[in-house]
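Beneath this line is the structure, given in structure tokens, with notes to follow.
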Amino acid sequence: EWGRGCQSCGAHAYPAIHPCAIVLVTRPGEVLLTRKPAWAPNRYSLVAGFQEFGESLEEAALREIAEETGLMVPIGEWVLNHACNQLSEWQQAGKAPIGMAVNLSPVQFQNQEMSAVFKRIIENSGIDPRLLTLEVTESILLEDLESKIESMNRLKDLGLKLAIDDFGTGYSSLSYLKKLPLDELKIDHSFFIDLFADTKSRALLTSLLYLSRNLNLLTVAEGVETKEQLNFLKNEGCDQYKGFLFSPPVPFQKLFEML
């Protein structure tokens, strides 16, 4: 739970935060870690991702506080450690191996000790690193691309998978896709908003799926809400889907029952 003290950040005062204080609780004002199930056609699969939210502190607010207080790296480490331990617990409980996706913030990605920390967490948990996908956004790649590729290759050397999250919403060039050691593209839900009212929206989405497929990247559609959207994506060869059509974010116990 939140500490009783406060620390000042610019013009704001926030509750004192420690990574270990972000707990699996449901009381108002505290943070609940939930998993966002994704559905893959032709096989039963749940790709679990972490989303932080609470009744009085939502994900964006938590991220802003963490970045301003310098706590993004330890919080990110805590989330990754918890994710890996959860995967290990599920496997020990006899569940079939599933994949889990964890978002990386720009601050985490630029941390020089990132790969060493991830290696330690994976080894301590004993999970197969191929089950873990790390998601980064296009904005991370806007500057110093070569050094970013080196960082990504170090993560790949650990056996981890890499994905671009919210693909298509950034301003970077498509040419970087052929250079990056990626495994997945997660297509942003904004491409589905006018899918059936705008031929240009359909053309863009079809082109993105075609591009991803020919680059041998797994495609995940985010924010699928209707059966019509799902049918269109299936016909265009999308690999996996995520959205309220299948399930809202659920606590880990609920997801455990769904597996």
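One hydrophobic cluster, built from ILVMFWY side chains closer than 4.5 Å, holds both L245 and L233. In the hydrophobic clustering of this structure, L209 groups with L215; members are Ile, Leu, Val, Met, Phe, Trp, Tyr whose side-chain heavy atoms approach within less than 4.5 Å, directly or through other members.
Of all heavy-atom pairs between S115 and L158, the closest is O-CD1, 3.5 Å. Scanning both residues, Q108 and G76, for their nearest heavy atoms gives NE2-CA, 3.3 Å. When all heavy atoms of I140 and L104 are compared, the pair lying nearest together is CD1-O, 4.2 Å. Closest non-hydrogen pair, P181 versus K156, comes out as O-CD, 3.5 Å.
Note that the CG atom of N81 and the CG atom of N85 stand 4.5 Å from one another [nearest 0.5 Å]. Distance check, rounded to the nearest 0.5 Å: CD of E150 to CG of L145 gives 10.5 Å. The CG atom of L218 lies 9.0 Å from the CG atom of L185; values are rounded to the nearest 0.5 Å. Distance check, rounded to the nearest 0.5 Å: CG of N214 to OH of Y210 gives 4.5 Å. In this structure, the separation between CG on L160 and CG on L155 is 6.0 Å, given to the nearest 0.5 Å. Taken from CG in L177 to OG in S212, the straight-line distance is 8.5 Å, to the nearest 0.5 Å.
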Pair E138-Y176, side chain to side chain donor-acceptor pair (under 3.5 Å): steps then yes or no: CA-CA 10 Å; E138 290 178 278; Y176 73 81; 3.0 Å; yes
Test log, rule side-chain contact (heavy atoms from CB on, under 4.5 Å), inputs D166 and E222: CA-CA 8 Å; D166 299 332; E222 300 186 293; 3.1 Å; yes
Residues F118, L134; criterion side-chain contact (heavy atoms from CB on, under 4.5 Å); working and verdict: CA-CA 11 Å; F118 287 7; L134 301 178; 3.4 Å; yes
Worked verdict on F192 versus Q229 for side-chain contact (heavy atoms from CB on, under 4.5 Å): CA-CA 7 Å; F192 313 142; Q229 292 173 345; 3.6 Å; yes
Stepwise side-chain contact (heavy atoms from CB on, under 4.5 Å) test for L208 and L204: CA-CA 6 Å; L208 287 178; L204 279 173; 5.5 Å; no
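Here the side chains of T226 and L230 are not in contact, with every heavy-atom distance at 4.5 Å or above. By the 4.5 Å heavy-atom criterion applied to side chains, E135 and V102 are not counted as neighbours. Side-chain contact between T137 and F167: absent, with no pair of heavy atoms (C-beta onward) separated by less than 4.5 Å. When side chains are defined from C-beta on, F244 does not count as touching V224, because their heavy atoms never get closer than 4.5 Å.
Of the possible polar contacts, one joining the D183 side chain to the L162 backbone as a donor-acceptor pair under 3.5 Å is found. S147 contributes a side-chain N or O that, together with a main-chain N or O of D144, makes up a donor-acceptor pair within less than 3.5 Å. The main-chain N or O of A203 is found under 3.5 Å from a side-chain atom of S207 such that the two form a donor-acceptor pair. The main-chain N or O of D239 is found under 3.5 Å from a side-chain atom of T219 such that the two form a donor-acceptor pair. Judged by distance alone, with hydrogens and angles left aside, the side-chain atoms of R213 form a donor-acceptor pair with the main-chain N or O of E236 at under 3.5 Å.
Residue pairs meeting the side-chain hydrogen bond (donor to acceptor under 3.5 Å, both in side chains) criterion with at least one partner in residues 116-130, sequence neighbours excluded, are E77-R120, D128-R130.
For F196, the CZ atom counts as densely surrounded, since its 6.0 Å shell holds more than 12 non-hydrogen atoms of other residues, nucleotides or ligands.
For K161, there are no salt bridge (Lys or Arg N to Asp or Glu O under 4.0 Å) partners, not counting sequence neighbours. Residues forming a side chain to side chain donor-acceptor pair (under 3.5 Å) with K148 (at least two apart in sequence, or on another chain): none. Under the side-chain contact (heavy atoms from CB on, under 4.5 Å) criterion, L87 pairs with W90, I98, M100, I127, L131, sequence neighbours left out. When the side chain to side chain donor-acceptor pair (under 3.5 Å) test is applied to S190, the partners found at least two apart in sequence or on another chain are D188. Among residues two or more places apart in sequence or in another chain, the side-chain contact (heavy atoms from CB on, under 4.5 Å) test is passed with D194 by D198, S201.
Side-chain atoms of R202 and T199 form no donor-acceptor pair, as typed in the model, at a separation below 3.5 Å.
Only one option out of D165, L180, N103, I164 pairs with V136 in a side-chain contact (heavy atoms from CB on, under 4.5 Å); it is I164.
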